[in-house]
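In this chain, numbering begins with 1 at the start of the sequence shown. What you see below is based on every heavy atom in this structure, not just the backbone, and it leaves out hydrogens, waters and symmetry mates.
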Amino acid sequence: MAAAQAVQEMRTRVVLGEFGVRNVHTTDFPGNYSGYDDAWDQDRFEKNFRVDVVHLDENSLEFDMVGIDAAIANAFRRILLAEVPTMAVEKVLVYNNTSIVQDEILAHRLGLIPIHADPRLFEYRNQGDEEGTEIDTLQFRLQVRCTRNPHAAKDSSDPNELYVNHKVYTRHMTWVPLGNQADLFPEGTIRPVHDDILIAQLRPGQEIDLLMHCVKGIGKDHAKFSPVATASYRLLPDITLLEPVEGEAAEELSRCFSPGVIEVQEAQGKKVARVANPRLDTFSREVFRNEKLKKLVRLARVRDHYICEYRVGGGAGVRRRVGGATAPVESQSEAGRDVAWEPVRAHVGSGVPLLASLCRVNRGAAGSRAGERSHQGTDGQVPALLG
């Protein structure tokens with residue numbers, strides 16, 4: 001019995017010790033363990049694999065992927081970083097720039113500004129095209145001149161009082177429709193995601209006058225097209241108390257972990273420690289510095305349970321590196337059977353249509369806020385988590 005439990009722990013948990021990590025080797029190859037059929041089976045994968053949406057708002061998405069290998073979790077991360085298309089400033093036509101920011105640096109800063117535009121409504125610009133069209137280009141004009149404020153107090157030293165337009169923000173960017181774009185996009189839909197991003201600072205007599213062309217691209221071509229600020233995944237923490245921890249030891253144990261991980265409760269007039277929310281722990285392993293407590297706790301991670309976190313800069317609509325992009329998943333029938341989908345506002349790209357078609361998604365706490373949308377996969381047959 002003890003041997004069976006040891007094998008089960010080896011197969012399902014990565015154990016963190018005081019001086020090392022155990023069970024880090026792969027265990028899912030056929031023949032590794034007697035009595036276990038570890039050959040890959042599609043039906044078993046479809047049954048066990050699921051996605052649970054834990055948290056969702058305009059700036060971040062957190063969901064769990066259960067029943068997969070690290071390679072698949074990393075594929076989601078890499079697709080988000082490099083394969084999801086967004087709109088970004090590609091060309092800057094500088095007519096006048098007398099600020100202290102050089103033209104090249106200014107153009108680089110403009111390229112990092114998140115643009116509120118759905119890239120699925122635009123085409124990729126053909127290589128070598130000098131002039132953009134309404135189907136592949138968004139055009140913005142930035143024309144700001146700094147002047148002195150005639151109403152400023154004589155003894156004032158505050159630049160905000162002395163000068164007018166001495167700070168150039170993204171709110172000064174004006175969308176210039178090309179072709180029939182004014183009819184296709186309602187007013188206010190094409191704009192920078194944030195209107196308070198500082199572009200440059202000016203002094204009286206200095207001026208910036210330029211024209212920007214935004215095109216569709218992916219992070220693999222340039223980092224400015226990357227849709228997320230951070231994209232990460234980690235294994236689900238698993239904390240087990242091997243013996244009851246009571247009294248002052250319970251309070252001391254709670255201080256060894258991140259806030260909210262260990263909760264101290266009153267039971268029969270005694271303070272008793274219990275594991276409240278292990279997923280909040282960062283595994284600092286502070287408990288191993290306590291000679292008494294380190295023998296009472298087992299720290300581990302669930303081998304096939306990945307916590308995926310994607311964060312963006314905020315704002316509605318499509319956002320990039322300092323913003324991000326969102327797109328839900330729909331329901332679709334495949335191969336004569338219904339594949340149930342719940343809407344997930346996550347950009348995972350078109351690189352995993354097969355994985356997406358096998359996925360079972362649970363909305364969790366955040367699912368009720370996710371809207372539905374119909375979208376066909378790139379191959380026209382299977383649904384994909386697309387942007």
Rounded to the nearest 0.5 Å, what's the gap from NZ on K295 to CG on N290? Could you check? 11.0 Å
With a 6.0 Å cut-off (strictly less than), is the heavy-atom count around CZ of R279, excluding the residue itself, greater than 12? yes
So that I can tick it off, tell me whether R298 and D238 are bridged by a salt bridge, with the cut-off set at under 4.0 angstrom between side-chain N and carboxylate O. yes
Side chain of R303, backbone of M10: donor and acceptor closer than 3.5 Å? yes
Are there over 12 heavy-atom neighbours, none belonging to E18, within less than 6.0 Å of that residue's CD? yes
Would you mind reporting whether N48 and V66 have side-chain heavy atoms less than 4.5 Å apart? no
Minimum-distance pair of heavy atoms, taken over all atoms of N165 and C146: O-CB, 3.7 Å
Is it true that R234 and E309 have a side-chain N and a carboxylate O under 4.0 angstrom from each other? yes
If Ile, Leu, Val, Met, Phe, Trp and Tyr residues are connected whenever their side-chain heavy atoms lie under 4.5 Å apart, and connections chain through other members, are V51 and L235 in the same group? yes
So do V275 and T240 actually touch side chain to side chain, heavy atoms under 4.5 Å? no
So if you build clusters from Ile, Leu, Val, Met, Phe, Trp, Tyr with side-chain heavy-atom gaps below 4.5 Å, do L296 and I239 land together? yes
Hey, could you give me the CG/CG distance between L241 and L293, rounded to the nearest 0.5 Å? 10.0 Å
Within-4.5 Å side-chain heavy-atom neighbours: H172 and I199: no
So, does T170 use its side chain to make a donor-acceptor pair with the main chain of H194 at under 3.5 Å? yes
same_hphob_cluster(V89, F185) at 4.5 Å side-chain heavy-atom cutoff: yes
Non-hydrogen atoms of I218 and A82 that approach each other most closely: CB-O, 3.5 Å
Please check if the number of heavy atoms outside I100 that lie under 6.0 Å from its CD1 is greater than 12. no
Check: T133 main-chain N/O paired with D136 side-chain donor or acceptor under 3.5 Å: yes
Name the orientation class of the two ring planes belonging to F45 and F49 (parallel below 30°, tilted from 30 to 60°, perpendicular beyond 60°). parallel
How would you list all residue pairs meeting ring-ring contact (aromatic ring centres under 6.0 Å, His included) that involve residues 261-303, not counting sequence neighbours? none
Nearest 0.5 angstrom please: L236 CG to D281 CG, how far? 11.0 Å
Partners meeting ring pair (Phe, Tyr, Trp, His ring centres under 6.0 Å) with Y233 (sequence neighbours left out): Y306
Determine whether a donor-acceptor pair (N or O, by modelled atom type, separation under 3.5 Å) exists between the side chain of D69 and the backbone of I72. no
Main chain of D64, side chain of D52: is a donor-acceptor contact present, judged purely on distance under 3.5 Å? no
Any side-chain heavy atom of L110 within less than 4.5 Å of one from L210? yes
Looking only at heavy atoms, what is the nearest atom pair of S226 and L80, with distance? OG-O, 4.4 Å
Pair Q5, E9: side-chain N/O donor-acceptor within cut-off below 3.5 Å: no
R285 side chain to G17 main-chain N or O, any donor-acceptor pair under 3.5 Å? yes
Would you check if Y163 and N149 make a side-chain contact, meaning some heavy-atom pair closer than 4.5 Å? no
Do you know which two heavy atoms are closest between V264 and A250, and how far apart they sit? CG2-O, 3.6 Å
Exactly one of Q139, R191, Q181 should register a side chain to side chain contact (heavy atoms under 4.5 Å, CB included) with W175. Which one does? Q181
Heavy-atom nearest pair, F257 first then V297, reads CZ-CG1, 4.0 Å
One pair to check against salt bridge (charged side-chain N to carboxylate O under 4.0 Å, His left out): E83 and K220. What are the steps and the verdict? CA-CA 6 Å; E83 300 291 343; K220 185 167 58 176; 3.5 Å; yes
Should I307 and F76 be regarded as members of a common hydrophobic cluster, given that ILVMFWY residues are connected when their side-chain heavy atoms come within less than 4.5 Å of each other, either directly or indirectly? no
Using a 3.5 Å distance criterion without hydrogens, assess whether the side chain of R311 forms a donor-acceptor pair with backbone atoms of T230. no
Are any of the side-chain nitrogens in E286 or R289 under 4.0 Å away from the carboxylate oxygens of its partner? yes
Going by heavy atoms in the side chains, are H108 and I105 under 4.5 Å from each other? no
Sub-4.5 Å side-chain heavy-atom contact between K91 and L211: no
Any chance CZ of R44 has more than 12 other-residue heavy atoms, nucleotides or ligands included, within less than 6.0 Å? yes
Can you tell me how far CD1 of I208 sits from CZ of R145, rounded to the nearest 0.5 angstrom? 12.0 Å
Donor-acceptor contact below 3.5 Å, side chain T98 vs main chain E207: yes
Report the distance from atom CE of M212 to atom CD of E90, rounding to the nearest 0.5 Å. 13.5 Å
Does a sphere of radius 6.0 Å around CD in Q143 hold more than 12 heavy atoms from other residues, nucleotides or ligands, not counting ones at 6.0 Å or beyond? yes
Spacing of T174 atom OG1 and I190 atom CD1 [to the nearest 0.5 Å]: 14.0 Å
Group every Ile, Leu, Val, Met, Phe, Trp and Tyr by side-chain heavy-atom contacts under 4.5 Å, then state whether L106 and V94 land in the same group. yes
Has N97 got a side-chain atom pairing as donor or acceptor with V101's backbone, closer than 3.5 angstrom? yes
Test side chain to side chain contact (heavy atoms under 4.5 Å, CB included) applied to F140 and V176, step by step: CA-CA 5 Å; F140 288 89; V176 182; over 6 Å; no
Please name the pair of heavy atoms, one in L178 and one in E134, separated by the smallest distance, quoted to 0.1 Å. O-CB, 3.2 Å
Within 6.0 angstrom of E266 CD, more than 12 heavy atoms from elsewhere: yes
Looking at R171, I'd like to know if its CZ atom is crowded, meaning that more than 12 non-hydrogen atoms belonging to other residues, nucleotides or ligands lie closer than 6.0 Å. yes
Do the side chain of K224 and the main chain of G111 share a donor and acceptor less than 3.5 angstrom apart? no
Evaluate the side-chain proximity of R125 to H213: yes if any heavy-atom separation is below 4.5 Å, no if none is. yes
